[in-house]
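Here is how names work: the chains are called A, B, and so on, in the same order as the sequence lines, proteins then strands, and each is numbered from 1. Model, not experiment: these values are computed from the prediction.
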Amino acid sequence: MLQVAFIRENKNAVINGLAKRNIDATEMINDVITLDEDRRNLQTQLDNTKAESNALSKEIGNLFKSGEVQKANVLKEKTTQLKDTVKTLEQELNEKADALNELLYKIPNVPNEIVPAGNTDEDNEEVYREGDIPTLFDGALPHWELAKKYDIIDFELGNKITGAGFPVYKGKGAKLQRALITYFLDKNTEAGYTEIQVPHLVNEASGFGTGQLPDKEGQMYHVTADNLYLIPTAEVPATNIFRDTIQNEDELPKAITGYTPCFRREAGSYGAHVRGLNRLHQFDKVEILRVEHPDKSYEALDGMVEHVKGILKELKLPYRILRLCGGDLGFTSALTYDFEVFSTAQDRWLEISSVSNFETFQANRLKLRFKNNEGRNELCHTLNGSSLALPRVLAGILENYQTEDGIKIPDVLVPYTGFDTIS
RNA sequence: GGAGAAAUGGCAGAGUGGUCGAAUGCACUGGUCUUGAAAACCAGCGAGGGUCACACCUCCGGGGGUUCGAAUCCCUCUUUCUCCGCCA
């Protein structure tokens, strides 16, 4: 969430920034400022009352010590009155603070200057494109047909075991998937990211820390018996590693990478766009994540984009990079680049990576800080990205690398798969 | 799952219900000394709110209670450790 002090000092910039998301935040921002003023007034009153009460208590203690019980009893009555005042003030203060927080939770991050205004994915700005779109032979198939033809992914079997959106990968399909995971992790590790393995279920506090709660409650699978959530992305457990920590400035940046399955309810999705591997309830993803000094986070974001580009180049997949417009930008993000691979047989682009800078938006909730040179604690910037999401990369490979004799495996993956064709 | 013990600052570890935000040691930062370093000595050293800055307020695992006053007493939750049971 945004910092109140920041909103107070940059009121107009915040309102103008949020306008890019097609939100008129004027009223919300004014409410924040009023609530915050009220809160601070109450806090001061409460503090003063408590100070008075504390002083009296001390005096009472001294009087008891010196045996002046009667005097002490007189003071006791005074403190009783103060206690009532404290109670009322505390209640009012809590109400204000809760109202303020509730409001703050609802305000999304302020987009970076270079984020284009816009409503839908049509307004996203293409900033880069690379790779030739192959011309496929007559009779080329979309990946779900290929999956069936070569018996490498079984969607029906997944339906039987769990339900729609939980495919079973078989034989060379399973092996290719595992090869991709290992390949991605290796590339990320080479680039300086430390590999980690994290829990696939998280508690409520972690959900709030990264902003999935309360914003996207309905999108996560909730294990009610233990009040845990299945992770929608490794971002949640990985970022929460840093919750409530104070980093040393000279130990920044922190860069980690991890593979996890991701679970998403995808309530409201339907139709041809969810066909095959396009949209699943469970899928695999390798994530990269950075904790950065505020001065260096945009440089780091560019570095992450370059890193993902390098991987796609090696895989020889046609892709493009979009700068998301305000309307398409995630709740917590200040700037996001989406990578899309071209699915030749479907004749459409598939999102395979999303690389974002959250600036202090997550760090504020997480209380993720660093001690700066002056010894003061300051919020870090957090960034993350997919490197990469598996199913759609898989779809891209299957479709773009298909030949009449089978599916070729990209050269860089052959050492990982141990075979060069699926036939 | 059952029984018992515990939870204090970066770490270790004191703390009879009253002057404790908390002893002490280590670590860390600055200084003296030294050609330099080490050692020694001196000083500083948790977080949040609040203020122009002070003052002041809050925090001793989380939440609630008793009391004029709680790190200290009571309830509850969570976590850790030991023993038993079960088990990849």
Side-chain angles (χ1 to χ4, degrees), chain A residues 1-9 32-105 197-209 213 223-229 237 240-252 254 291 360 362-380:
Chain A
M1 63 181 165
L2 295 171
Q3 298 166 83
V4 183
F6 179 81
I7 294 177
R8 215 189 302 152
E9 286 156 28
V32 166
I33 292 173
T34 315
L35 282 169
D36 178 52
E37 259 170 38
D38 292 351
R39 199 212 92 231
R40 274 160 39 224
N41 281 335
L42 285 167
Q43 183 80 60
T44 310
Q45 284 180 54
L46 177 64
D47 286 356
N48 291 339
T49 315
K50 278 187 171 173
E52 203 181 324
S53 165
N54 286 344
L56 284 175
S57 289
K58 255 179 208 176
E59 225 176 296
I60 292 171
N62 288 332
L63 288 174
F64 271 124
K65 251 182 206 167
S66 58
E68 298 171 85
V69 179
Q70 272 191 325
K71 275 189 186 173
N73 283 335
V74 174
L75 289 185
K76 263 197 194 179
E77 262 176 55
K78 257 192 186 174
T79 53
T80 314
Q81 286 168 20
L82 288 176
K83 253 176 115 178
D84 287 342
T85 316
V86 166
K87 223 170 203 176
T88 334
L89 284 172
E90 263 175 352
Q91 208 166 16
E92 284 175 47
L93 179 66
N94 284 338
E95 277 165 23
K96 288 288 178 196
D98 288 349
L100 178 60
N101 272 329
E102 213 173 293
L103 191 53
L104 284 172
Y105 277 141
Q197 291 192 355
V198 291
H200 301 165
L201 282 85
V202 294
N203 59 27
E204 219 170 18
S206 294
F208 272 97
L213 292 174
V223 183
T224 50
D226 297 292
N227 197 23
L228 296 173
Y229 293 86
N240 274 283
I241 288 175
F242 301 101
R243 167 151 50 91
D244 228 346
T245 61
I246 300 174
Q247 306 290 320
N248 288 323
E249 187 171 10
D250 52 15
E251 280 172 23
L252 293 177
K254 300 272 182 179
V291 178
T360 59
Q362 286 184 329
N364 190 32
R365 273 200 210 183
L366 289 165
K367 294 200 180 72
L368 164 52
R369 296 154 292 172
F370 70 96
K371 203 170 272 299
N372 67 21
N373 285 333
E374 290 155 19
R376 303 245 312 244
N377 293 327
E378 215 181 302
L379 291 173
C380 301

If the cut-off is 4.0 Å, is A/Asn377 near the phosphate of B/A47, judged by side-chain N/O to OP1 or OP2? yes
Does a side chain donor of either A/Asp47 or A/Thr44 reach within less than 3.5 Å of an acceptor in the other side chain? no
Please give me the minimum heavy-atom distance between A/Pro237 and A/Pro199, naming the atom from each residue. CG-O, 3.6 Å
If we ignore angles and hydrogens, is there a donor and acceptor under 3.5 Å between the side chains of A/Asn41 and A/Gln45? no
If pairing means Watson-Crick or G-U wobble with both distances under 3.5 Å, then the partner of B/A23 is none
Which value, in whole Å, describes the distance between the P atoms of nucleotides B/G21 and B/G30? 30 Å
Could you state the interatomic distance from CD (A/Gln3) to CG (A/Asn364), rounded to the nearest 0.5 Å? 4.5 Å
Rounding to the closest angstrom, what is the interatomic distance between B/C56 and B/G61 at atom C1'? 27 Å
Distance, rounded to the nearest Å, where A/Asp244 contributes CG and B/G62 contributes C1': 13 Å
Of the listed nucleotides B/G48, B/U51, B/G18, the one nearest the side chain of A/Phe64: B/G18
Selection from B/G18, B/U51, B/U58 that lies nearest to any side-chain heavy atom of A/Ile60: B/G18
With a 3.5 Å limit on both atom pairs, tell me what B/U35 is paired to, counting Watson-Crick and G-U wobble, or say none. none
Under 3.5 Å on both distances, the Watson-Crick or G-U partner of B/C73: B/G65
Distance in angstrom units between A/Lys371 NZ and B/G9 P, rounded: 16 Å
Toward the 5' end of RNA chain B, by each residue's nearest nucleotide, A/Lys58 or A/Lys367: A/Lys58
Per A/Lys50 side chain, nearest of listed nucleotides B/G48, B/U58, B/C68: B/U58
Nearest-Å distance once atom P is located in both B/A37 and B/C20: 39 Å
Atom OH of A/Tyr229 and atom OG1 of A/Thr224: how far apart are they, to the nearest 0.5 Å? 9.5 Å
Heavy atoms from C-beta onward define the side chain here; which of B/G49, B/U58, B/C68 lies closest to that of A/Asn54? B/U58
Separation of the C1' atoms in B/C68 and B/G2, to the nearest angstrom: 44 Å
When both distances are under 3.5 Å in a Watson-Crick or G-U wobble arrangement, the nucleotide paired with B/A7 is B/U78
The side chain of A/Lys76 is closest to which nucleotide in this list: B/A47, B/C56, B/C68? B/C68
Grab the CZ-P distance between A/Arg376 and B/C45 for me, whole Å please. 16 Å
Please report, rounded to the nearest Å, how far the P atom of B/G49 is from the CD atom of A/Glu90. 18 Å
Of B/G50, B/C56, B/G18, the nucleotide closest to the side chain of A/Arg8 is B/G50
Determine the Euclidean distance between corresponding C1' atoms of B/A7 and B/G15; express it in Å to zero decimal places. 15 Å
Please work out if A/Asn73 contacts a base, only the sugar-phosphate, or nothing of the nucleic acid, heavy-atom cut-off 4.0 Å. nothing
Tell me which of A/Thr80 and A/Arg369 sits closer to the 5' end of RNA chain B, going by the nucleotide each one is nearest to. A/Arg369
Side chain A/Asn377, main chain A/Arg369, donor-acceptor under 3.5 Å: no
Taken to the nearest whole Å, NZ/A/Lys83 to C1'/B/C68 is 7 Å
Whole-Å C1' distance, B/A55 and B/G50: 10 Å
Could you work out which one of B/C68, B/G50, B/A47 sits closest to the side chain of A/Ile246? B/A47
Determine the interatomic distance between C1' on B/G9 and the same-named atom on B/G25; round to the nearest Å. 14 Å
CZ of A/Arg40 versus P of B/G50: gap in Å, rounded? 6 Å
Partner lookup for B/C86, please. Criteria are Watson-Crick or G-U wobble with both distances under 3.5 angstrom; report none if nothing qualifies. none
Between P on B/C68 and CG on A/Asn62, what's the gap in Å once rounded to a whole number? 17 Å
Spacing of the C1' atoms in B/A27 and B/C11 (rounded, Å): 8 Å
A/Asn248 CG to B/G46 P, in whole Å, measures 15 Å
So what does A/Thr79 touch, heavy atoms closer than 4.0 Å: a base, only the sugar-phosphate, or nothing? sugar-phosphate
Mate of B/G44 across any strand shown (Watson-Crick or G-U wobble, both atom pairs under 3.5 Å) is B/C28
Winner on side-chain proximity to A/Arg39, out of B/A47, B/G50, B/G69, is B/G50
Do you know the tightest heavy-atom contact between A/Cys380 and A/Leu252? SG-CD1, 4.3 Å
To the nearest 0.5 Å, how far apart are CG in A/Asp38 and CD in A/Glu95? 12.0 Å
